[in-house]
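The sequence lines fix the lettering, A, B, ..., with proteins before strands; numbering per chain opens at 1.
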Number of protein chains: 2
Amino acid sequence: MADDRLSVIFGALADPTRRAILARLAQGPASVNELAEPFAMTLPAVSKHLKVLERAGLISRGREAQWRPCKLEAEGLQEASEWVDRYRQFWESSYDKLDAHLKNMMKGT
Amino acid sequence: MADDRLSVIFGALADPTRRAILARLAQGPASVNELAEPFAMTLPAVSKHLKVLERAGLISRGREAQWRPCKLEAEGLQEASEWVDRYRQFWESSYDKLDAHLKNMMKGT
DNA sequence: CGGTTAATTAGCTTGTTGGTAAATTACCCA
DNA sequence: TGGGTAATTTACCAACAAGCTAATTAACCG
């Protein structure tokens, strides 16, 4: 995968395990073991996913005794959102056109 | 990469060439050769990128004589946006907290 | 028909991803 | 000190992504 910021961010989001981890972290911080628990996957595998998310600026990791609590970070998510938002106008206008088309059909013209 | 819809969509966005193609298509439809022109890359490589974008529902391809004009599609973009939007509240509240923190500092307390 | 242009498919190489098991680091507690 | 728990690192493997060249399909034109 390319290593520019946006590619790293979207690449991190392109995996259901990683999206599930983000969804969990949206409820509050968690340890690696807590995050790993729902998945049929070894701990090192989850650890790798966390590293990908961290590199993308989607999470950060702290230190508390032998735990390394993860928490969601706004930065990466916001960058992704900003990129996608540039296309919002496009699809909104597509729906306007569809809407106009349907109305036209229903008029029977 | 996983083959669920969102992973396919984010995976397609995780490449600067593909994002540049989408940016070009936001200005209007284009042929494969037109799309390939800005890149130091062979035509088959661009063709592959287009297939990835098509599979993700980000573009569609038509037929006009020997040309296969591509155009932007709202569908995939909108799904990506909807997913990211679920986290908007999170980072907005993060900024609120930052804002509150800064105001507090400036009060000198 | 034969030639040209547009685009895709096929086959190959190279580097990366996602997983594992085993070893290691780091910290707590008795 | 030694044992237990949390997490990462290392070494390895299979599958996949992204690029290339060469060959092929498809449509037009003369």
remark   = The complete set of salt bridge (charged side-chain N to carboxylate O under 4.0 Å, His left out) pairs with one or both residues in residues 4-19 of chain A, sequence neighbours excluded, reads D4(A)-R19(B), R5(A)-E75(A), R5(A)-E79(A), R19(A)-D4(B)

Co-membership, hydrophobic cluster, residues I59(B) and M41(B), 4.5 Å side-chain = yes

query = Between dT20(C) and T42(A), is there an OP1 or OP2 to side-chain N/O distance shorter than 4.0 Å?
reply = yes

note = What one should report as the nearest heavy-atom pair of S7(B) and A2(B) is CB-O, 3.7 Å

ask   = Can you list every salt bridge (charged side-chain N to carboxylate O under 4.0 Å, His left out) pair that touches residues 52-70 of chain B, not counting sequence neighbours?
value = E54(B)-R61(B)

message = So, using side chain to side chain contact (heavy atoms under 4.5 Å, CB included) as the criterion, who are the partners of A26(B) when residues are at least two apart?
response = Y87(A), L72(B)

message = Angle between the two end axes of the helix from dC1(C)-dG30(D) to dA30(C)-dT1(D), five base pairs per end, rounded to 10 degrees?
response = 10°

inquiry  = So, using salt bridge (charged side-chain N to carboxylate O under 4.0 Å, His left out) as the criterion, who are the partners of K71(A) when residues are at least two apart?
reply    = E73(A)

remark   = The single option from L77(B), V8(B), L50(B) that satisfies side-chain contact (heavy atoms from CB on, under 4.5 Å) with L58(B) is L77(B)

Integer-rounded Å distance: dT10(D) C1' and L43(A) CG = 16 Å

inquiry  = Any side-chain N or O of S47(A) below 4.0 angstrom from OP1/OP2 of dT8(D)?
reply    = yes

inquiry  = Per the ring pair (Phe, Tyr, Trp, His ring centres under 6.0 Å) rule, what does the pair list look like for residues 6-36 of chain A, sequence neighbours excluded?
reply    = F10(A)-W83(A)

task = Give, for atom CG of L53(B) and atom CG of L25(B), the distance between the pair rounded to the nearest 0.5 Å.
result = 8.0 Å

inquiry  = Please compare K51(A) and W67(A) by the position of their nearest nucleotide in DNA chain D and report the one closer to 5'.
reply    = W67(A)

remark   = Letter by letter from the 5' end, nucleotides 22-27 of chain D scores (B base, S sugar-phosphate only, - none; protein heavy atoms under 4.0 Å) B---SS

ask   = Is there a chain of hydrophobic side chains (I, L, V, M, F, W, Y, each step under 4.5 Å between heavy atoms) that links I21(A) to L43(A)?
value = yes

ask   = Which parts of residues 22-39 of chain A get close to DNA chain D, meaning a heavy atom less than 4.0 angstrom away?
value = S31(A), V32(A), N33(A)

task = Applying side-chain contact (heavy atoms from CB on, under 4.5 Å), run through L22(A) and L13(A) and close with a yes or a no.
result = CA-CA 9 Å; L22(A) 294 178; L13(A) 296 177; 3.6 Å; yes

Distances under 3.5 Å only, N/O to N/O: pair up the protein atoms with those of nucleotides 16-18 of chain C.
residue	atom	partner	partner atom	Å
dG18(C)	OP1	R18(A)	NH2	3.4
dG18(C)	OP2	R18(A)	NH1	3.3

Indicate every side-chain donor-acceptor pair of residues 30-39 of chain B with a distance under 3.5 Å to a residue at least two apart or in another chain.
residue	atom	partner	partner atom	Å
S31(B)	OG	E34(B)	N	3.2
E34(B)	OE1	S31(B)	N	3.0

key: Residues which pass ring-ring contact (aromatic ring centres under 6.0 Å, His included) with W67(B), listed by chain and number, not counting sequence neighbours   = none

